[in-house]
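Down below is the structure, laid out as structure tokens.
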Amino acid sequence: MIGRLNHVAIAVKDIAAAAATYRDVLGAKVSQPLAQPDHGVTVVFIELPNTKIELLEPLGAASPIAKFLEKNPDGGMHHVCYEVADILSARDRLKAAGARVIGDGEPKTGAHGKPVLFLHPKDFNGVLVEIEQV
Ligand code: CO
């Protein structure tokens, strides 16, 4: 059911420093920081030949990654995002298999303007999983 790895998201405390590491140490192509107040994050997109890395820095008081960074003060891998062709049929299949969908179960518009859902990390080996309809 799942398709390509769309991105790996990494939570960071200092997005300028993290972007500089990817650009200057790893030699990657990094975007300018983009504030996404609706999602409570500032994002830097890193284009790799086969996928993307997204650096996420908390934005605003109610950022969904603030608690994660309290537990992981050095930053860390926050989630992986897999592509699906049909998010509603993917959701129904996942729920039928016992996986927990976070929130009310209705797809939200994600950071790329496409429908996304998040799946509980306890059901996926401790990894928060995002599925995105492409
Ligand atoms: Co994501």
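If you read the sequence from its start, that first residue is 1, and numbering goes on from there. These figures come from a predicted structure and were not determined experimentally.
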Exercise for the section: Decide side-chain contact (heavy atoms from CB on, under 4.5 Å) for E57 and V43; before the verdict, give the C-alpha distance in whole Å, the side-chain angles of both, and the deciding distance to 0.1 Å. Expected result: CA-CA 7 Å; E57 181 187 70; V43 186; over 6 Å; no

Minimal non-hydrogen separation, [X] against [Y], with atom names:
{"X": "L56", "Y": "H79", "answer": "CD1-CE1, 4.1 Å"}
{"X": "E132", "Y": "C81", "answer": "CB-SG, 3.7 Å"}
{"X": "D123", "Y": "G98", "answer": "OD2-O, 4.1 Å"}
{"X": "R91", "Y": "V101", "answer": "CG-CG2, 4.1 Å"}
{"X": "G76", "Y": "F68", "answer": "O-CE2, 3.7 Å"}
{"X": "G40", "Y": "S63", "answer": "O-OG, 2.7 Å"}

What's the separation between atom [atom1] in [X] and atom [atom2] in [Y], rounded to the nearest 0.5 Å?
{"X": "K108", "Y": "L117", "atom1": "NZ", "atom2": "CG", "result": "7.5 Å"}
{"X": "L119", "Y": "L128", "atom1": "CG", "atom2": "CG", "result": "8.0 Å"}
{"X": "I15", "Y": "T42", "atom1": "CD1", "atom2": "OG1", "result": "6.0 Å"}
{"X": "I46", "Y": "I10", "atom1": "CD1", "atom2": "CD1", "result": "7.0 Å"}
{"X": "L34", "Y": "L55", "atom1": "CG", "atom2": "CG", "result": "12.5 Å"}

Exercise for the section: Test N6 against K52 for side-chain contact (heavy atoms from CB on, under 4.5 Å), laying out the working first. Expected result: CA-CA 6 Å; N6 185 276; K52 293 186 287 280; 3.7 Å; yes

Are [X] and [Y] connected in the hydrophobic side-chain network, where two residues link if heavy atoms are under 4.5 Å apart?
{"X": "V84", "Y": "V116", "value": "no"}
{"X": "V134", "Y": "V8", "value": "no"}
{"X": "L69", "Y": "M77", "value": "no"}
{"X": "V12", "Y": "L48", "value": "yes"}
{"X": "F124", "Y": "Y82", "value": "yes"}

Exercise for the section: Could you check whether the rings of F45 and H112 sit parallel, tilted or perpendicular, using 30° and 60° as the cut-offs? Expected result: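 Ring orientation, 0 to 90° scale: tilted.
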
Practice task
Before giving the answer on side-chain contact (heavy atoms from CB on, under 4.5 Å), spell out for I65 and V41 the whole-Å C-alpha distance, their side-chain angles and the decisive distance to 0.1 Å.
Solution key: CA-CA 8 Å; I65 62 168; V41 290; 4.0 Å; yes

Practice task
Take atom CG of D24 as the centre, draw a 6.0 Å sphere, and report whether it contains more than 12 heavy atoms from other residues, nucleotides or ligands.
Solution key: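 Atom CG in D24 is crowded, with more than 12 foreign heavy atoms closer than 6.0 Å.
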
Problem - More than 12 heavy atoms of other groups within 6.0 Å of R100 CZ - result: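 Result for CZ/R100: enclosed.
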
Exercise for the section: Would you kindly say whether H7 and E130 are connected by a side-chain donor-acceptor distance under 3.5 Å? Expected result: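 Per modelled atom types, H7 and E130 side chains form a pair under 3.5 Å.
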
Backbone N or O of [Y] within a donor-acceptor pair of the [X] side chain at under 3.5 Å?
{"X": "H120", "Y": "K122", "result": "yes"}
{"X": "T51", "Y": "L5", "result": "yes"}
{"X": "S31", "Y": "V44", "result": "no"}
{"X": "D14", "Y": "A16", "result": "yes"}
{"X": "D104", "Y": "E106", "result": "yes"}
{"X": "S89", "Y": "D86", "result": "yes"}

Problem - SB check E47 K29 (cutoff 4.0 Å) - result: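 So E47 does not pair with K29 through a salt bridge.
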
Exercise for the section: Could you go through the side-chain contact (heavy atoms from CB on, under 4.5 Å) check for Q133 and K114 one step at a time? Expected result: CA-CA 6 Å; Q133 180 172 298; K114 293 177 178 162; 5.7 Å; no

